Amino acid sequence: MTEPAGALHARNFEATHERLDLPEYERPQGLHPPMNSPGYKSTALRSPARPLVLLPQRLTEVTGPLFGSERVTESEADLTRAGPGAEEAIGQRIIVHGRVLDSDGRPIPDTLVEVWQANAAGRYRHKVDTWPGPLDPNFTGGGRVVTDEQGWYRFTSIKPGAYPWGNHYNAWRPAHIHFSLLGRAFTQRLVTQMYFPDDPLFEYDPIYNSIPDPKVRQRLVSRFDMEHTRPDWALAFRWDIVLRGTGRTPMEEPHED
Amino acid sequence: MKTEAPLGLTPSQTVGPYLRLVLPWPDGPDVVPEGTPGSFVLSGRLLDGHGDPVPDGLVETWQADPAGRFNHPDDPRGAASGPASFRGYGRCPTDDDGRFWIRTLKPGPLPTPEGGQEAPHLDVSVFARGILVRMATRCYFSDEEAANRADPVLSTVEEDRRETLVATAESGGYHWDIVLQGPGETVFFDV
Ligand SMILES: [Fe+2]
């Protein structure tokens with residue numbers, strides 16, 4: 001188009017030889033839950049007592065592992081067929097999909113999304129989950145997908161049940177799916193949870209309510225997506241994930257071979 | 001410079017007690033494969049505010065290669081020069097004693113945009129039940145005394161807390177504990 005990629009690369013390298021030009025990721029204020037959230041008792045001994053120290057974003061922070069399709073097999077996108085039994089998992093089939101973007105609106109392509117959840121009865125296949133909800137021999141509860149070029153991810157599962165936990169008397173978690181995202185830099189690393197619309201347990205859940213701003217909490221709630229339901233097969237929910245951006249104008253990045 | 005972002009950021013939630021369902025990878029602790037020349041094991045324990053082990057945590061590391069390069073488009077110096085098997089990234093769930101480990105190579109020092117130099121270090125993320133937002137810290141090396149003294153990040157940390165960020169050389173590798181709270185509390189960063 002203009003000049004060969006090699007020339008561009010050489011010029012960039014020369015220009016940066018003197019001075020490193022690194023992206024600067026936004027630092028959100030008041031977005032995340034406070035580390036010590038008394039309503040969620042396990043934070044009491046696991047949150048720092050001393051204030052955080054400001055870390056400038058240098059080379060280690062603005063880079064990160066770029067894992068994509070090489071760590072995933074196609075079958076990991078279907079949690080209904082991933083159990084140790086030979087049959088399909090019991091429960092309401094759902095398709096969960098959405099986009100992974102940065103706050104500048106740029107899609108984050110080819111990035112690993114790891115998910116895990118309870119079964120339809122609200123029980124995890126895990127040795128420390130011992131409440132008397134039934135296990136499903138056909139449901140393991142873990143999945144992995146990779147975003148496409150436009151940042152879209154999609155997996156099939158069953159709707160998880162609510163489950164009791166020991167935080168306070170008669171505590172129940174609203175139905176949720178755990179998400180882990182690597183993004184493209186250490187600054188973007190995010191672990192969070194996706195919820196389902198209109199859950200009556202929201203107002204009682206100290207984890208959901210640990211997010212200070214009620215409007216921000218709602219960003220964790222997926223929306224029912226009629227358009228992407230599959231007739232005679234599955235409901236659909238849409239949930240977009242937004243990781244920290246750099247404020248740089250979205251643009252085509254030069255391709256290098 | 002950062003202006004108003006058009007999209008609202010997704011807030012963080014705890015990883016919860018059941019991360020073992022998917023997050024541990026069989027080769028997770030292998031930043032480099034076993035037998036890689038120069039490789040060592042960095043290990044330690046994750047401890048809570050009572051000094052008790054955290055048995056349901058996850059520790060992740062990210063680092064430059066031995067030449068101080070990253071195989072990443074935002075390292076403007078160009079591609080990494082390290083061995084192809086070098087992944088830069090380690091991930092290890094803690095065991096019943098709170099113990100975690102990775103197998104890696106020591107990263108090289110890094111230039112800073114201000115013209116200084118950062119001592120060899122790993123960036124570290126800690127997740128667990130009861131941790132609502134990823135806790136970020138750094139791990140330096142006790143046998144890099146001169147480089148550590150000149151490190152621009154360590155110098156911003158109160159002197160009596162710097163040692164919480166430094167792994168101790170021991171036979172076969174390095175030892176480094178992460179203390180979430182209380183006496184000997186590790187320095188955590190706002191990244
Ligand atoms: Fe959960």
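Here the structure is a predicted model, which means the values were calculated and not measured. Atom set for the values below is all heavy atoms of this structure, side chains included, hydrogens, waters and symmetry mates excluded. Lettering of chains follows the sequences in order, A, B, ..., and the numbering in each one begins at 1.
Residue contact with chain B, scored on non-hydrogen atoms closer than 4.5 Å, involves the backbone and the side chain of A/E61 alike. The contact between A/P23 and chain B is made entirely by side chain atoms (from C-beta outward), counting heavy-atom distances below 4.5 Å. At a 4.5 Å heavy-atom cutoff, A/N36 makes no contact with chain B through either its backbone or its side chain. In this structure, chain B has no heavy atom under 4.5 Å from any part of A/D213. Both the backbone and the side chain of A/T63 have a heavy atom closer than 4.5 Å to some heavy atom of chain B. Interface remark: A/A44 contributes backbone atoms only to the contact with chain B (heavy atom separation under 4.5 Å). For B/V31, no part lies near chain A; criterion is any non-hydrogen pair under 4.5 Å. Heavy-atom distances place the backbone of A/Q117, and not its side chain, under 4.5 Å from chain B. Contacts of A/L243 with chain B are made by backbone atoms alone, with heavy-atom separations under 4.5 Å and no side-chain atom involved. Within the 4.5 angstrom heavy-atom criterion, atoms from both the backbone and the side chain of A/I207 approach chain B. For a residue to count as touching a neighbouring chain, one of its non-hydrogen atoms must lie under 4.5 Å from one of that chain's; by this rule B/R134 touches chain A with the side chain only. Within the 4.5 angstrom heavy-atom criterion, only side-chain atoms of A/Y40, from C-beta onward, approach chain B. Interface residue A/S47: backbone and side-chain heavy atoms are both found under 4.5 Å from chain B. There is no contact between A/F179 and chain B, counting heavy-atom distances below 4.5 Å. Neither the backbone nor the side chain of A/K41 comes within contact range of chain B; no heavy atoms are under 4.5 Å apart.
Your options are B/L132, B/I131, B/V179, B/T156, and the one with the most heavy-atom pairs under 4.5 Å with chain A is B/L132. Chain B forms the most heavy-atom pairs under 4.5 Å with one residue out of A/L31, A/L54, A/L59, and that residue is A/L59. Annotation: maximal heavy-atom pairing with chain A below 4.5 Å, among B/L21, B/L19, B/L9, occurs at B/L9. Between chain B and the options A/T140, A/T187, A/L66, the largest number of non-hydrogen pairs under 4.5 Å is found for A/L66. Contact count versus chain B (heavy atoms, under 4.5 Å) is highest, among A/Q57, A/M35, A/E76, for A/M35. Per-residue heavy-atom pair counts under 4.5 Å with chain A were compared for B/P152, B/G115, B/A128, B/G88, and the maximum is reached by B/P152. For chain B, the option among A/G141, A/S210, A/P34, A/S37 with the highest count of heavy-atom pairs below 4.5 Å is A/S210. Counting heavy-atom pairs closer than 4.5 Å to chain A, the top-ranked of the candidates B/L122, B/V54, B/L46 is B/V54. Among the candidates B/P111, B/A136, B/A64, the residue making the largest number of heavy-atom pairs closer than 4.5 Å to chain A is B/P111. Across B/D123, B/T14, B/D56, B/L180, the residue that shares the most heavy-atom pairs under 4.5 angstrom with chain A is B/D123.
Between A/E26 and A/R244, no side-chain nitrogen of the basic residue sits less than 4.0 Å from a carboxylate oxygen of the acidic one, so the salt-bridge criterion is not met. Electrostatic pairing of B/D65 and B/R69 does not count as a salt bridge here, judged by no charged N lying under 4.0 Å from a carboxylate O. Here B/D97 does not pair with B/R45 in a salt bridge; the nearest charged N to carboxylate O distance is not below 4.0 Å.
Under a 3.5 Å cut-off, the side chain of A/E114 and the backbone N or O of A/L181 do not form any donor-acceptor pair. Of the possible polar contacts, none joining the A/S157 side chain to the A/L79 backbone as a donor-acceptor pair under 3.5 Å is found.
Ring centroid separation for the pair B/W101 and B/Y174 does not come in under the 6.0 Å cut-off. A ring-centre distance under 6.0 Å is not found for A/F202 and A/H176. For A/Y124 and A/W116, the gap between ring centers reaches or exceeds 6.0 Å.
Cation-pi check for B/R91 over B/W25 is met; the charged atom lies under 6.0 angstrom from the ring centroid and within 45 degrees of its normal. Geometrically, B/R87 does not engage B/Y89 in a cation-pi contact, judged by NZ or CZ lying under 6.0 Å from the ring centre and within 45° of the ring axis. For the pair B/K106 and B/F40, the cation-pi criterion (under 6.0 Å, within 45° of the ring axis) is not fulfilled.
Looking at B/R138 and B/Y140, their side chains come closer than 4.5 Å, going by heavy atoms from C-beta outward.
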